[in-house]
Amino acid sequence: MTAWLSFLVVFLCSWSLRDLVVEACTCVPIHPQDAFCNSDIVIRAKVVGKKLMKDGPFGTMRYTVKQMKMYRGFQIMPHVQYIYTEASESLCGVKLEVNKYQYLITGRVYEGKVYTGLCNWYEKWDRLTLSQRKGLNHRYHLGCGCKIRPCYYLPCFATSKNECIWTDMLSNFGHSGYQAKHYACIQRAEGYCSWYRGWAPPDKTIINATDP
């Protein structure tokens, strides 16, 4: 009976741990501009190989990439050859396809290695909007001193002049919402920040408008 109870306790603990791991990866919605500004490395790349490394309890996946262009991180690592991520999706590991797509990948550098995960911004390149591509090239840089404040419930108000109110969460769209796809929050005159669509020169009289 004692052996059976011991087995049962171990089984239940293992089951609970497995359930915990499966539910472990939860990410807070983040606007692409914040994802860009908070990353050490931002590149456009094609995955040309992968290898499972025996690091950690579930292993680490090492993707070999062919870097097409770098948008952020020149001073840290001018050329990226490998991208590391957790092998398990439950631990926020990213699954990338080999020799199939070009990806936009953001990540952080730790001990000379670039790491990414489900909470970083990564996307197939052909799914990015024109505004997002322009943001990567120029506009997001202009807004790294701005603060994008998520709005979950109305009313929402800016509490400082450098804030833009992000309302995509009102429709549960988050990073795939309209503002995330088509707007950048950039700094204007006197330190004010506001949304910029990019079809026309920025209107400096509009501050924190959802649709400038």
Side-chain angles (χ1 to χ4, degrees), residues 27-46 65 67-80 83 94 96 101-109 114-151 156 158 160-212:
C27 304
V28 175
I30 185 170
H31 190 279
Q33 178 176 312
D34 274 347
F36 174 92
C37 294
N38 294 334
S39 296
D40 294 327
I41 297 291
V42 180
I43 61 171
R44 175 183 179 182
K46 184 175 183 179
V65 299
Q67 180 177 306
M68 306 296 183
K69 187 172 182 179
M70 176 168 282
Y71 301 94
R72 188 174 179 85
F74 304 97
Q75 298 82 7
I76 302 174
M77 185 180 294
H79 184 79
V80 177
I83 297 288
V94 169
L96 304 176
Y101 303 106
Q102 290 186 27
Y103 290 93
L104 182 280
I105 303 172
T106 68
R108 303 301 299 267
V109 175
V114 180
Y115 289 87
T116 193
L118 292 177
C119 294
N120 296 95
W121 183 29
Y122 77 101
E123 185 59 271
K124 294 175 183 176
W125 182 258
D126 58 8
R127 290 187 178 179
L128 297 180
T129 65
L130 178 60
S131 294
Q132 287 173 330
R133 297 183 189 188
K134 288 182 177 180
L136 292 168
N137 279 300
H138 181 61
R139 293 172 186 158
Y140 292 158
H141 283 285
L142 300 176
C144 284
C146 297
K147 181 179 180 181
I148 296 176
R149 182 182 176 192
C151 175
C156 294
S160 64
K161 66 180 184 180
N162 71 329
E163 285 186 350
C164 291
I165 302 301
W166 183 25
T167 59
D168 284 338
M169 277 66 62
L170 295 175
S171 302
N172 296 319
F173 287 127
H175 70 276
S176 62
Y178 193 78
Q179 277 178 305
K181 287 183 175 180
H182 301 290
Y183 286 89
C185 174
I186 65 174
Q187 199 161 27
R188 310 298 180 92
E190 300 177 354
Y192 283 93
C193 293
S194 63
W195 292 113
Y196 174 46
R197 176 72 190 252
W199 287 354
D203 184 350
K204 296 182 180 180
T205 64
I206 299 175
I207 303 298
N208 282 316
T210 299
D211 191 10

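One-based numbering along the sequence shown. Computed from a prediction, not measured in an experiment: that's the story for all the values here.
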Parallel, tilted or perpendicular: which describes the rings of H31 and Y140, with under 30° parallel and over 60° perpendicular?
-> perpendicular
What do the steps show when you test V42 against I105 for side-chain contact (heavy atoms from CB on, under 4.5 Å), and what is the final call? CA-CA 6 Å; V42 180; I105 303 172; over 6 Å; no
* Asked: For the rings on H141 and F36, is their centre-to-centre separation under 6.0 Å?
  -> yes
So, does N137 use its side chain to make a donor-acceptor pair with the main chain of K134 at under 3.5 Å?
-> no
Interatomic distance, CD1@I186 vs NE2@H138, rounded to 0.5 Å, equals 7.5 Å
When every non-hydrogen atom of Y196 is compared with those of R188, the smallest separation belongs to CB-NH2, 3.5 Å
For W166 and I30 the tightest heavy-atom approach is CH2-C, 3.3 Å
Item to check | Pair W125-R133, side-chain contact (heavy atoms from CB on, under 4.5 Å): steps then yes or no | outcome: CA-CA 9 Å; W125 182 258; R133 297 183 189 188; 3.6 Å; yes
All heavy atoms of I76 vs all of V109, minimum pair found to be CG2-CG2, 3.8 Å
In this structure, CG of N38 is separated from CD of Q33 (nearest 0.5 Å) by 10.0 Å
Should M169 and P29 count as side-chain neighbours, where that means a heavy-atom distance under 4.5 Å? yes
Here the gap from C27 atom SG to W121 atom CH2, rounded to the nearest 0.5 Å, amounts to 15.5 Å
Minimal heavy-atom distance between V80 and Q67, with the atoms involved, is N-OE1, 2.7 Å
The reported gap from CD1 in I43 to OH in Y71 (rounded to nearest 0.5 angstrom) is 10.0 Å
NZ of K124 to CG of L96, rounded to nearest 0.5 Å, is 10.0 Å
request  = Compare the SG-SG distance of C164 and C146 against 2.5 Å and report whether it is shorter.
outcome  = no
- Query: Can you tell if the side chain of W195 reaches within under 4.5 Å of the side chain of I148, non-hydrogen atoms only?
  - Reply: yes
Interatomic distance, CD@Q102 vs CZ@R44, rounded to 0.5 Å, equals 4.5 Å
In a single word, yes or no, tell whether C193 and C185 have an SG-SG distance below 2.5 angstrom. no
Exercise. So K181 and S131, side-chain contact (heavy atoms from CB on, under 4.5 Å) or not? Walk me through it.
Worked result: CA-CA 7 Å; K181 287 183 175 180; S131 294; over 6 Å; no
Tightest non-hydrogen contact, residues A184 and R139, listed as CB-CB, 4.1 Å
Taking every heavy atom of Y183 against every heavy atom of Y178, the minimum-distance pair comes out as CE1-CE2, 3.7 Å
Taking T106's backbone N and O only, do any of them form a donor-acceptor pair with T116's side chain (distance below 3.5 Å, no angle check)? yes
Can you find a pair of side-chain heavy atoms, one from M70 and one from I41, that are under 4.5 Å apart? yes
Which of R108, M77, R72 passes side chain to side chain contact (heavy atoms under 4.5 Å, CB included) with D40? Answer is R108
